Amino acid sequence: MECYLDNSATTKPCKEAVDAAVYAMTQAFGNPSSLHAAGLAAERLLEDARAAVAAPLHAQKSEIVFTPSGTAANNTAVFGAVSRYRGGKIVTTAMEHPSVEECMRTLETRGFTVVRLKPDGCGRITAGQIAQAVDEQTVLLSLMAVNNEVGSVLPIAELGRIVREKRAPALVHVDAVQGFLKLPIRPKACGIDLLSVSAHKVHGLKGAGALYVRRGVRIKPHLLGGGQEYGLCSGTQPMPAIAAFAAAVRAWGEPDLAALHSRLREQLLQIDGVALNSPPDALPYILNISLRGVPSQVAVNALSERGVAVSAGSACSRGHRSTALTAMGLPAERVDTALRLSLSRTTTAEEIDRCAAAVRDVQTTIGRKR
């Protein structure tokens, strides 16, 4: 049986999510916008799902907008937040997910000034850095909650306070795709206006994401059409994926991965030639390492041959050098030999031990030959 430690790329759908998707496909298959019995049944399922996703955020269900993915949620948030401006200052980081960074590059061509905060050597961004960058010209502050490559946790609880103290007109957006359910995120209490999440990172299905839009916040839609999802994400809602998302959220529980994460770190630190790139206080779902002398893709292939699935970095940056590790200032050799090991609530101690043993074998057999 394969040892799967690539959960930051995607998780295995849980049984509850699969059952909910089948129910939506076979029993509640109507269009939620239709006004007959089948449509109304689908609409009830949609609203129940909205409430389920809102609950862990301590949000109102009317503040949840379903999107086709986390990428769509990020694009809707970023472009929607600045749509009433023809220019201005945007503060973000130098290690954002491509679904945010590519938006920033586009906005730079439209006259916006984008300030990208650089992380330290462990992938951390401080509240002081953010406060120094935000000013009265800042129209958007957009940061991830958890870095998707090294697992560093950003100070999102401070964002609203900083914007208020600096008297900035900025909306605050947080990409919480890697942090949703894994951190106690309360957007309203933190002064967060917009927050993106994704189903397939928490044992739901691919094809559903969501954007929290704080009550009273007005943004322009990025996707036009029939006006579904309060006009912010037009298109018939993919009810099987949305129902599965809700079921996965309800089934989440309260997993504690700290012990497994520590077990993995301790075993890897005993292997000569392995360097840890994640900070000690990283989210316990992610551990980034480098294998001396073993290029990332070579290591991924070798581990796969040994029944262990990991990634060379963000699944959305395939073939490109790691944005986060480069921004952290790590040497090129560390960046080019990096691997991301990512856990889930279903990860076992046996998988941890198997992964560590496989890494040791790859490092000692391949690393020494190069």
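Note that the structure is a prediction, hence the values are computed from the model and not measured.
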Charged N-O contact under 4.0 Å between K61 and D48: no
For the student: nearest non-hydrogen atoms of M104 and R116, plus distance: CB-NH2, 3.9 Å
K166 vs T138 side-chain heavy atoms within contact, under 4.5 Å: no
Exceeds 12 heavy-atom contacts within 6.0 angstrom, atom CD of Q132: no
CD-OG1 distance between E101 and T106, expressed to the nearest 0.5 angstrom: 9.5 Å
Derivation of the side chain to side chain contact (heavy atoms under 4.5 Å, CB included) call for R345 and W252: CA-CA 8 Å; R345 67 181 179 88; W252 183 261; 3.7 Å; yes
Listed once per pair and sorted, the side-chain hydrogen bond (donor to acceptor under 3.5 Å, both in side chains) pairs that draw on residues 298-308, sequence neighbours left out: Q297-N301, R306-D361
Any side-chain heavy-atom pair of C233 and P68 under 4.5 Å: yes
Pair D281-V153, side chain to side chain contact (heavy atoms under 4.5 Å, CB included): steps then yes or no: CA-CA 8 Å; D281 58 351; V153 179; over 6 Å; no
Heavy-atom check, side chain of R334 versus side chain of L325, under 4.5 Å: no
Exam field: side chain E149 to backbone R340, donor-acceptor pair closer than 3.5 Å: no
By side-chain contact (heavy atoms from CB on, under 4.5 Å) - contacts of A199 (at least two apart): A208, F245
Approximate separation, where rounding is to 0.5 Å, of L264 CG and L257 CG: 11.0 Å
Interatomic distance, R215 atom CZ to S62 atom OG [nearest 0.5 angstrom]: 6.5 Å
Residue F112 excluded, over 12 heavy atoms near CZ under 6.0 Å: yes
Point-to-point distance, once rounded to the nearest 0.5 Å, from CG of L143 to OG1 of T92: 5.5 Å
N148/V177 under side chain to side chain contact (heavy atoms under 4.5 Å, CB included): CA gap, chis, key distance, verdict: CA-CA 8 Å; N148 59 306; V177 166; over 6 Å; no
Main-chain N/O of T323 paired with T326 side-chain donor or acceptor, under 3.5 Å: no
V139 to G87 - nearest heavy-atom pair and separation: CG1-O, 4.5 Å
Separation between CG of N75 and OG of S69, rounded to the nearest 0.5 Å: 8.0 Å
Stepwise side chain to side chain contact (heavy atoms under 4.5 Å, CB included) test for V91 and L117: CA-CA 7 Å; V91 176; L117 304 176; 4.0 Å; yes
Candidate pair T71 and N74, rule side-chain hydrogen bond (donor to acceptor under 3.5 Å, both in side chains), full reasoning: CA-CA 5 Å; T71 289; N74 280 337; 5.8 Å; no
Donor-acceptor contact present, side-chain Q228 to main-chain G235, <3.5 Å: yes
H261 and L283, any side-chain heavy atoms less than 4.5 Å apart: no
Approximate separation, where rounding is to 0.5 Å, of K89 NZ and L141 CG: 10.5 Å
Check: H203 side chain, K12 main-chain N or O, donor-acceptor pair, under 3.5 Å: yes
Only distances under 3.5 Å count here; give the side-chain donor-acceptor pairs of residues 184-195 to other protein atoms, sequence neighbours excluded, each with its distance to 0.1 Å.
unit_1: R186; atom_1: NE; unit_2: H58; atom_2: ND1; d: 3.4
unit_1: R186; atom_1: NE; unit_2: H58; atom_2: NE2; d: 3.2
unit_1: R186; atom_1: NH1; unit_2: P56; atom_2: O; d: 2.9
unit_1: D193; atom_1: OD1; unit_2: R214; atom_2: NE; d: 2.9
unit_1: D193; atom_1: OD1; unit_2: R214; atom_2: NH2; d: 2.8
unit_1: D193; atom_1: OD2; unit_2: V172; atom_2: N; d: 2.7

side-chain hydrogen bond (donor to acceptor under 3.5 Å, both in side chains) evaluation trace for E229 with Q237: CA-CA 8 Å; E229 295 303 298; Q237 293 93 339; 2.9 Å; yes
Note, V146 side chain near K182 side chain (heavy atom, < 4.5 Å): no
Listed once per pair and sorted, the ring-ring contact (aromatic ring centres under 6.0 Å, His included) pairs that draw on residues 214-235, sequence neighbours left out: F79-H222
Any donor-acceptor N/O pair, T337 side chain to S290 backbone, under 3.5 Å: no
Transitive ILVMFWY side-chain link F180 to L211, under 4.5 Å: no
Non-hydrogen atoms of G123 and M95 that approach each other most closely: O-CE, 3.1 Å
Connected via hydrophobic side-chain network under 4.5 Å: L269 and L343: yes
Side-chain donor-acceptor contacts of residues 28-39 below 3.5 Å, not counting sequence neighbours, with atom names and distances?
unit_1: N31; atom_1: OD1; unit_2: S33; atom_2: N; d: 2.9
unit_1: H36; atom_1: ND1; unit_2: A38; atom_2: N; d: 3.4
unit_1: H36; atom_1: ND1; unit_2: G39; atom_2: N; d: 3.1

Exercise: identify the closest heavy-atom pair between A327 and A94: CB-O, 3.7 Å
Side chain proximity check, L339 to I289, heavy atoms < 4.5 angstrom: yes
Smallest separation among heavy atoms of E333 and G293, with atom names: OE2-N, 3.2 Å
Side-chain (K118) to main-chain (M328) donor-acceptor, under 3.5 angstrom: no
Nearest heavy-atom neighbours spanning V174 and M144: CG1-C, 4.4 Å
Side-chain donor or acceptor of S262 paired with backbone N/O of A259 under 3.5 Å: no
Qualifying salt bridge (Lys or Arg N to Asp or Glu O under 4.0 Å) pairs, either residue in residues 236-256, two or more places apart: none
L140 with V115, same ILVMFWY side-chain cluster at under 4.5 Å: no
Heavy-atom side-chain contact between P295 and D336 under 4.5 Å: no
Test: E351 and R354 ion pair at under 4.0 Å: no
Linked, directly or transitively: V213 and I156 (ILVMFWY side chains, under 4.5 Å): no
Student check: side-chain heavy atoms of R105 and V114 closer than 4.5 Å: no
Shared hydrophobic cluster for L268 and L260 (ILVMFWY, side-chain gaps under 4.5 Å): yes
Verdict with supporting geometry, Q267 and D353, side-chain hydrogen bond (donor to acceptor under 3.5 Å, both in side chains): CA-CA 8 Å; Q267 292 191 48; D353 296 344; 2.6 Å; yes
Main-chain N/O of N7 paired to T11 side chain as donor or acceptor, under 3.5 Å: no
Side-chain (S278) to main-chain (V150) donor-acceptor, under 3.5 angstrom: yes
Heavy-atom neighbours of R161 CZ exceed 12 at 6.0 Å: yes
